[in-house]
Amino acid sequence: MAQSKISLTRYLVEQQRADGLIPGQLRLLLEVVARACKSISQAVNKGALGGVLGTAESENVQGEIQKKLDIIANEVLIEANEWGGHLAAMASEEMDSIYVVPNRYPQGEYLLLFDPLDGSSNIDVNVSIGTIFSVLKKPDDTPGVQEGDFLQAGSKQVAAGYCIYGPQTTLVLTVGAGVAMFTLDREQGSFMLTQEDIQIPADTKEFAVNMSNMRHWDAPVKRYIDECLAGKEGPRGKDFNMRWIASMVADVHRILMRGGVFMYPWDKREPEKAGKLRLMYEANPMSWLVEQAGGAATNGRQRIMDLQPSKLHERVAVVLGSKNEVERLTGYHDPL
Ligand code: P6P
């Protein structure tokens with residue numbers, strides 16, 4: 001008899017029984033986030049029929065014009081998570097400061113960070129986008145909860161994942177015991193386990209970068225990409241392919257499924273920003289997923305999950321994916 005599909009709930013219960021990595025409150029948190037992603041998926045799938053495309057009349061903390069769906073996704077995540085008693089506060093790419101759970105609800109021990117809808121530039125042209133989330137524990141020693149409680153290195157995460165809204169709606173999750181993937185069964189309304197122990201091949205012939213920024217990169221990144229472009233006649237002795245979806249969730253999902261290296265390097269246009277991508281709710285969760293799948297993730301010099309954040313919306317350069325490629329590019333940089 002075919003093995004019955006395992007739902008996300010059953011997976012979390014059995015994982016808790018197996019290795020205790022998912023205390024009850026964390027399991028509740030992850031199930032609530034998954035339910036919120038289902039709602040976001042419904043809104044995204046409606047598109048023009050739901051009147052949710054196009055821009056809102058507002059900017060986010062990054063100075064980016066917000067899409068209507070950015071705001072909808074943010075509100076869905078806040079409303080789904082604020083009453084459950086598992087969270088002390090939330091932080092979002094779409095909100096300047098943290099959102100502390102209102103006094104009318106019990107406060108929990110976890111902190112939830114998210115990019116509610118990553119890849120917004122792709123929303124109106126029907127290209128895959130996604131929700132990225134990261135879970136930290138509130139430090140015990142501080143009464144209440146402040147923004148500083150969120151400023152923990154990526155190595156302190158207790159859960160991380162994303163939900164990609166593409167041809168399938170797929171939730172990818174780690175709690176530190178490997179990476180599992182769940183596909184939304186719309187008839188049942190449940191996320192069903194479709195892959196576990198995902199592994200990224202250590203080598204690859206595929207790189208992902210926005211080539212239009214090449215003139216702004218520093219020398220080691222230019223060297224690495226030039227060598228890839230030189231193909232089998234060049235020092236790498238093999239031809240490379242390139243992909244760039246401009247949705248980090250989609251590019252990272254491809255790498256988890258078939259390998260590759262993704263980079264959004266530092267560029268000289270905004271040196272103080274270190275990079276375009278955000279450390280706390282993009283780079284850290286994606287880095288943990290990639291490392292748990294046998295890959296690597298650095299800012300070009302240091303392991304991303306070792307970086308000590310100083311600001312909630314801190315940006316970082318990102319190189320992640322197939323371990324041997326990340327190590328090669330990182331090795332081209334002068335040691336710190
Ligand atoms: P560019 C989406 O806006 C995002 O934050 C990531 O999802 C994506 O990898 C990157 O920016 C795309 O940036 O400069 O190529 O549009």
Side-chain angles (χ1 to χ4, degrees), residues 37 40 44 53-56 58-74 91-95 113-134 160-166 170 172 206-218 221 225 242-257 260-271 273-290 295 297-300 304 311-321 326 329:
C37 289
I40 295 168
V44 166
L53 299 184
T55 55
S58 53
E59 274 190 5
N60 63 15
V61 64
Q62 329 291 342
E64 296 164 341
I65 295 287
Q66 291 176 302
K67 299 281 191 179
K68 288 178 191 164
L69 271 171
D70 283 325
I71 295 169
I72 291 168
N74 192 61
S92 166
E93 181 191 76
E94 301 303 331
M95 300 188 299
L113 303 94
F114 48 82
D115 179 356
L117 208 56
D118 172 69
S120 301
S121 60
N122 283 319
I123 293 175
D124 297 349
V125 294
N126 201 10
V127 169
S128 297
I129 49 183
T131 299
I132 309 173
F133 60 91
S134 171
Y162 61 81
C163 190
I164 178 170
Y165 312 116
T170 303
V172 177
E206 197 160 66
F207 67 89
V209 69
N210 181 338
M211 291 292 286
S212 68
N213 298 328
M214 181 173 251
R215 64 190 181 286
H216 306 304
W217 299 339
D218 62 8
V221 176
I225 295 295
M242 194 203 101
R243 286 286 180 275
W244 187 250
I245 305 175
S247 272
M248 187 184 195
V249 174
D251 282 313
V252 170
H253 189 72
R254 184 190 59 253
I255 288 169
L256 281 168
M257 293 297 103
V261 58
F262 167 99
M263 63 196 82
Y264 211 108
W266 170 91
D267 83 43
K268 61 181 177 235
R269 284 172 296 183
E270 298 180 280
K273 279 190 175 175
K276 171 177 184 181
L277 301 179
R278 291 77 173 180
L279 175 60
M280 299 302 295
Y281 39 78
E282 287 178 337
N284 274 340
M286 291 310 205
S287 296
W288 199 22
L289 287 164
V290 164
T298 74
N299 64 358
I304 283 177
K311 297 196 299 280
L312 188 61
H313 298 291
E314 185 162 324
R315 295 171 185 260
V316 67
V318 176
V319 181
L320 61 76
V326 174
L329 173 48

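Worth knowing before you read on, the calculation uses all heavy atoms, side chains too, and leaves out hydrogens, waters and symmetry mates. Counting convention: from 1, in listed order, for ligands and their atoms alike. Worth saying up front: this structure is predicted, and the values here are computed from it rather than measured.
Residue Ser120 has no N or O atom closer than 3.5 Å to an N or O atom of ligand 1. Residue Ser121 places no N or O, backbone or side chain, under 3.5 Å from any N or O of ligand 1. Every N/O-N/O distance between Ser247 and ligand 1 stays at or above 3.5 Å. Below 3.5 Å of separation, one finds no N or O of Asp251 facing any N or O of ligand 1. In terms of N/O distances under 3.5 Å, ligand 1 is not approached by Val249.
Scanning the protein heavy atoms around atom 14 (O) of ligand 1, the nearest turns out to be Tyr264 OH, 2.6 Å. From the protein, the heavy atom lying nearest to atom 9 (O) of ligand 1 is Met248 N, 3.4 Å. The nearest heavy-atom contact from the protein to atom 16 (O) of ligand 1 is Lys276 NZ, 3.7 Å.
Contacts between Asn213 and ligand 1 below 4.0 angstrom, taking non-hydrogen atoms only, are absent altogether. Here Glu93 has no heavy atoms under 4.0 Å from ligand 1, in either its backbone or its side chain.
Judged by distance alone, with hydrogens and angles left aside, the side-chain atoms of His313 form a donor-acceptor pair with the main-chain N or O of Met95 at under 3.5 Å.
Taking the side chain as every heavy atom from C-beta outward, Ile71 and Ser58 approach each other to under 4.5 Å.
From Ile164, atom CD1 reaches atom CG of Asp251 across 9.0 Å, with rounding to the nearest 0.5 Å.
Looking at Val209, Ile245, Asp118 and measuring to atom 4 (C) of ligand 1, the nearest heavy atom belongs to Asp118.
Note on Glu206 versus Arg254: salt bridge recorded, some NZ/NE/NH1/NH2 to OD/OE distance being below 4.0 Å.
Around the CG atom of Asn126, the shell of radius 6.0 Å holds no more than 12 heavy atoms that belong to other residues, nucleotides or ligands.
Residue contact check for ligand 1: Ala246 places a non-hydrogen atom closer than 4.0 Å to it.
Using the six-membered ring where Trp is involved, His253 and Tyr162 have ring planes that are perpendicular, over 60° apart on the 30 and 60° scheme.
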